[in-house]
Every structure is written in structure tokens, then in C-alpha cells.
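Below is one structure, written out as C-alpha cells; comments come after it.
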Amino acid sequence: RRYLAASYINKGAIEQGINLMKENIKQAQKKKALREEIRSNLMIGVLLLNWQQDNEHLIEAEHYIQQAKTLAEQYQDPLFIAYAHEELAKIKRLQQHYAQAISLLKVALQYHQNFRGNYGQTNALIELARIASAQDNKQQADDYFAQATAIANKNGVATNKVAILLAHAEVQQKNGQNEQADKSSQQAKATANEANSDVLKARVSAWFNDNGNYEIN
């Protein structure tokens with residue numbers, strides 16, 4: 001159901017995908033499948049977050065992500081605790097509650113730093129860069145992107161490299177740095193092609209087509 005729901009979302013059938021995820025949550029609760037319930041709450045929150053970023057949808061997204069966070073803490077699943085903190089931080093950034101967002105991201109970073117494969121830090125660093133940019137601190141934003149890039153290069157994870165480059169291109173584009181944005185997005189395209197990943201190629205293609213769902217997978 002989760003994969004099918006994501007497919008519906010990427011196709012543009014938003015409500016169909018979200019309704020399927022709500023059904024999945026009910027089924028997980030019925031079968032007492034706690035980890036599936038965590039995943040489902042987190043995913044529907046992300047789907048809502050990426051669908052329409054008006055305050056009504058952000059509040060609904062926060063409800064599901066907060067539920068995922070509570071369940072993850074109950075289950076003591078550090079990875080999903082970190083993910084939940086990151087997604088809650090995105091909501092706070094979009095609501096321009098930057099201090100709350102930064103606090104959530106610092107917690108997420110602490111969890112990721114404790115993992116053997118610590119490349120998950122890149123997502124939190126991307127968010128911190130977006131916040132810095134929103135606060136007109138270009139130098140700090142570039143520093144966060146540089147930290148994320150160093151971690152991604154060290155771990156050799158193409159998925160993270162593409163995510164960083166696309167996010168950097170997005171920030172540069174918003175700042176009117178069109179030449180730099182084009183360079184970053186072309187690097188993302190080259191990285192996806194080099195990795196020979198259909199998922200990454202599709203993500204880059206969606207970004208070029210200004211599809212806000214390019215992060216959904």
C-alpha cells in the first residue's frame with residue numbers, strides 16, 4: 001500500500017494516495033504492526049507536507065509526523081525518531097518558526113551522528129542551509145551545503161549527492177543566482193546518470209519540470 005500510495009502521489013492522484021495511506025494506518029493498528037504504523041504515519045505526513053504547503057495541510061501533516069515520532073520513541077527506533085525530527089523541522093521552516101526548526105534539526109543530527117553510516121546527516125544539513133538562506137545568511141547556507149557535500153562524498157552515496165545538489169540549486173534559484181543554479185542542477189543530472197539510477201534520474205527530471213513531488217519515494 002505504501003509503494004502504491006507513493007506511485008499515486010507521483011502520478012498526481014494525491015487524494016487517492018493519501019486515502020490509501022490512511023487505510024494502511026488502520027490496518028497496521030488492527031494487526032498491531034507498530035513499525036508499519038510508524039512508517040505509515042511518517043509517510044502520510046510527508047505526502048501532505050509535499051502536496052500543498054498552506055497552513056491547513058501543514059497542521060495536518062504535523063499531526064501525522066508527530067504521531068510517528070511518538071510511536072518511534074515508544075518503539076525506541078532511533079532512525080525514525082531522526083526522520084520525524086527532520087520532517088517536523090521542515091514544517092516549522094515553512095511556517096517561518098526558524099528557532100524551533102533549528103532545534104529539531106540539531107536533535108536529528110545527534111541521532112544520525114551515532115549511526116555507523118552517518119550520511120543521513122546530509123538531510124538535516126540541507127534543511128539548516130535552507131533556513132540560513134531564508135534568513136538571508138548566504139555564507140552560512142553555503143557552509144551547511146559544503147558540510148553535507150563532504151559527508152556525501154566521504155560515504156559515496158549518490159542519492160545524497162543528488163539531494164544536496166538539487167536543494168542547492170533550489171536555494172540558488174530563489175536567490176536569483178541562475179547561473180549557479182543551472183550548474184548545480186546539471187551536476188545533479190550528471191551524478192544521477194553516472195550512478196545509472198532510474199530513481200535518481202526521475203527525481204532530477206521532476207526537478208527540472210518544477211514538480212514539487214520530486215522528493216517523494
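These figures come from a predicted structure and were not determined experimentally. The first residue of the sequence shown is numbered 1, and numbering continues consecutively from there.
- Residue Lys92 qualifies as enclosed at atom NZ: its count of foreign heavy atoms under 6.0 Å is above 12.
- Side-chain atoms of Asn118 and Gln113, non-hydrogen and from C-beta on, never get closer than 4.5 Å to each other.
- Residue Glu194 holds its CD atom at 6.5 Å from OG1 of Thr191, rounded to the nearest 0.5 Å.
- Arg1 has no carboxylate O lying under 4.0 Å from a charged side-chain N of Glu23, or vice versa, which leaves the two without a salt bridge.
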Give the C-alpha distance, both sets of side-chain angles, the deciding distance and a yes or no for side chain to side chain contact (heavy atoms under 4.5 Å, CB included) between Thr159 and Arg203. CA-CA 10 Å; Thr159 302; Arg203 190 169 299 176; 3.9 Å; yes
Quick one, Glu36 with Gln27, criterion side chain to side chain contact (heavy atoms under 4.5 Å, CB included). Give me CA distance, side-chain angles, the key distance, then yes/no. CA-CA 9 Å; Glu36 183 62 32; Gln27 291 295 326; over 6 Å; no
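- Taking NE2 from His57 and CG from Leu94, the interatomic distance works out to 13.5 Å, rounded to the nearest 0.5 Å.
- To the nearest 0.5 angstrom, Ile131 atom CD1 is 11.0 Å from Gln100 atom CD.
- In this structure the side chain of Leu79 reaches within 4.5 angstrom of the side chain of His112, judged on heavy atoms.
- Around atom CZ of Phe80, more than 12 heavy atoms belonging to other residues, nucleotides or ligands sit under 6.0 Å away.
- Linking Ile, Leu, Val, Met, Phe, Trp and Tyr residues whenever their side-chain heavy atoms come within less than 4.5 Å places Met43 and Ile18 in a single cluster.
- Just one residue in the list Gln172, Gln177, His168 forms a side chain to side chain donor-acceptor pair (under 3.5 Å) with Ser184, and that residue is Gln172.
- For Thr70, the side chain to side chain contact (heavy atoms under 4.5 Å, CB included) partners at least two apart in sequence or on another chain are Gln66.
- The cluster map of Ile, Leu, Val, Met, Phe, Trp and Tyr, joined by side-chain heavy atoms under 4.5 Å apart, puts Tyr119 and Ile164 in different clusters.
- Nearest heavy-atom pair, Leu88 versus Ile65, reported as atom, atom and distance to 0.1 Å: CG-CG2, 3.6 Å.
- How far OH of Tyr111 is from CD of Glu86: 12.5 Å, rounded to the nearest 0.5 Å.
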Verify side chain to side chain contact (heavy atoms under 4.5 Å, CB included) between Glu127 and Arg130, making sure each step is shown before the conclusion. CA-CA 5 Å; Glu127 276 301 300; Arg130 284 175 167 151; 2.9 Å; yes
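- Within the 4.5 Å cutoff, the side chain of Thr122 has no heavy atoms near those of the Asn155 side chain.
- Using a cut-off of 4.0 Å between Lys/Arg side-chain N and Asp/Glu carboxylate O, Glu170 and Lys174 are scored as salt-bridged.
- Under 3.5 Å, the side chains of Asn114 and Gln110 contain no donor-acceptor pair of N or O atoms.
- No path of Ile, Leu, Val, Met, Phe, Trp and Tyr side chains, each step under 4.5 Å between heavy atoms, connects Ile91 with Ile81, placing them in separate hydrophobic clusters.
- More than 12 non-hydrogen atoms from other residues, nucleotides or ligands lie less than 6.0 angstrom from NZ of Lys201.
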Given Met21 and Asn41, is the side chain to side chain contact (heavy atoms under 4.5 Å, CB included) satisfied, shown in steps? CA-CA 8 Å; Met21 284 307 306; Asn41 274 284; over 6 Å; no
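- A 6.0 Å sphere centred on CZ of Phe145 holds more than 12 heavy atoms belonging to other residues, nucleotides or ligands.
- One finds the CG atom of Asn19 at 11.5 Å from the CD1 atom of Ile14 (value rounded to the nearest 0.5 Å).
- In this structure, NZ on Lys22 lies 11.0 Å from CG on Leu47, to the nearest 0.5 angstrom.
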